[in-house]
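Throughout, protein chains are lettered first and strands after them, A, B, ... in sequence-line order, and every chain is numbered starting at 1. Because the structure is predicted, anything quoted here is derived from the model rather than measured. Computation of the quantities below employed the complete heavy-atom set of this structure, encompassing side-chain atoms and omitting hydrogens, waters and symmetry-equivalent molecules.
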Amino acid sequence: MPELPEVETVRSGLAKWVVGRRIAAVQVLHPRPVRRHVAGPDDFAAALKGRVVEAARRRGKFLWLPLDGGDALLGHLGMSGQMLVSPAEHEPHRHLRVRFDFDDGGPQLHFVDQRMFGGLSISPGGAALPAEIAHIAPDPLEPAFDDEAFVAALRRKRTGVKRALLDQTLISGVGNIYADEALWRAGLHGERPADRLTRPAARRLLGHVRDVLTAAIVDGGTSFDALYVNVNGESGYFDVSLAAYGREGRPCRRCATPIRRESFANRSSFSCPKCQPKPRARIV
DNA sequence: AGTTGCCCCTGCGCGC
DNA sequence: TGCGCGCAGGGGCAAC
């Protein structure tokens, strides 16, 4: 579910509510979200007890909390993960998987995840950049992102431009919603061969990716339902600004043609049939 | 080596 | 009312 804007909204909430606090206890209520910690849930909890959270960082859709001593708590929300800051007296969420208590007795941190595609792990020495996510490309909102390197790499991809946008080793943070939104803004169908984009077209597409991600962060992300909320349980409202995703049959905001839905990699793609014409088959 | 497909999970809404 | 099916903001890994 969460893409870069949603994860960034969560990160800023963690920066505000969790950074600077010392973990007093960790309870793992379901082992699956901690599956990447090979030593097991008990070891995971023991290793975090007493550690101070020093920062809240993000690359693409990954989050990490640098801890005193140089390690980091690395997290990914998967399709349905949430980080909630919750007073201890509140009724726990049905899908609460991991609970963190702090030594100040203040609100707890709850990792909630219905589908459990997300997870938490400890990255040894991973405060600056966890080794586990070294294979992920920078995201387009961080200074390390190299626009021209991305444009060149995109134009070498022997695949459709949407698949390329979703390739986290090429550009991170873009998921199914914002890929469709950026392609709509660029007037490109997702099946357009990436290696046939002109350099200027690739640069324009990157600009649209950056613009839509930035606009969505301002709105606190996209919330279709209760599965995505910020650390205080509040929804984002970028959904009202979506132009393509989830708008099948509704008029294109540019030309009023009904938005089309096509199946794509076990999911869906939304686009305007007129503004984003399907490419002709590749002639080899 | 680069690209594609399958699988991991739970729950909800729809049609029969 | 009940059940089966399709679908959902992601990513790792095996197989071509």
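One P atom belongs to B:dA1, the other to C:dG11, and the distance between them is 24 Å to the nearest Å.
B:dC9 makes up no base pair with any nucleotide shown, lacking Watson-Crick or G-U wobble contacts both under 3.5 Å. Pairing partner, C:dC3: B:dG15, with both Watson-Crick or wobble hydrogen-bond distances short of 3.5 Å.
Computed from coordinates, the A:Q114 CD to B:dG13 C1' distance equals 13 Å when rounded to whole Å. A straight line from CG of A:D167 to P of B:dG5 spans 15 Å, rounded to a whole angstrom. For A:R35 and B:dC9, the CZ to C1' distance is 9 Å, given to the nearest whole Å. Distance, A:H76 NE2 to B:dC9 P: 17 Å, rounded to whole Å. Look at CZ on A:F224: it is 18 Å from P on B:dC12, rounded to the nearest Å. Going from atom CZ of A:F264 over to atom P of C:dC7 covers 15 Å, rounded to whole Å. As a whole-Å value, the separation of A:N266 CG from C:dG11 P is 15 Å. The distance from atom CG of A:D225 to atom C1' of B:dG13 is 12 Å, rounded to the nearest whole Å.
Electrostatic pairing of A:R51 and A:D68 counts as a salt bridge here, judged by a charged N lying under 4.0 Å from a carboxylate O. Taking a cutoff of 4.0 Å between a charged side-chain nitrogen and a carboxylate oxygen, A:K162 and A:D180 qualify as a salt bridge. By the 4.0 Å N-to-carboxylate-O rule, A:R58 lies close enough to A:D139 to be salt-bridged with it.
Ranking C:dG12, C:dA8, B:dT4 by closeness to the A:H135 side chain, first place goes to C:dG12. Set against C:dG11, B:dT4, B:dT3, the side chain of A:R158 has B:dT3 as its closest nucleotide. For A:H95, the side-chain atoms get nearest to B:dG11 when compared with the rest of C:dA8, B:dG11, C:dG11. When distances are taken from the side chain of A:M116 to each of C:dA8, B:dT4, B:dT10, the shortest belongs to B:dT10. In the set C:dC7, B:dT10, C:dG11, the nucleotide with an atom closest to the side chain of A:R115 is B:dT10.
A tilted orientation is assigned to the rings of A:Y178 and A:F238, their planes being inclined by 30° to 60°. Ring planes of A:F44 and A:H37: perpendicular class, angle over 60° (limits at 30 and 60°).
Residue contacts for A:F238: at a heavy-atom cut-off of 4.0 Å it reaches no nucleic acid atom on any strand shown.
Positionally, the nearest nucleotide of DNA chain C for A:R261 lies more toward the 5' end than for the other of A:Q168 and A:R261. Toward the 5' end of DNA chain B, the nearer of the two residues A:R32 and A:R94, judged by each one's closest nucleotide, is A:R32. Comparing A:S268 and A:E132 against DNA chain C, the residue whose closest nucleotide sits nearer the 5' end is A:S268.
OP1 or OP2 of C:dA8 has not a single side-chain nitrogen or oxygen of A:S80 nearer than 4.0 Å. Contact annotation: A:K157 does not reach the phosphate of B:dG2 (side-chain N/O to OP1 or OP2, under 4.0 Å).
A:D219 and A:S241 get closest at one heavy-atom pair: OD2-OG, 3.9 Å.
Stacking of the aromatic ring of A:F117 onto the base of B:dC9 is not found under the criterion of centres within 5.5 Å and planes under 30°.
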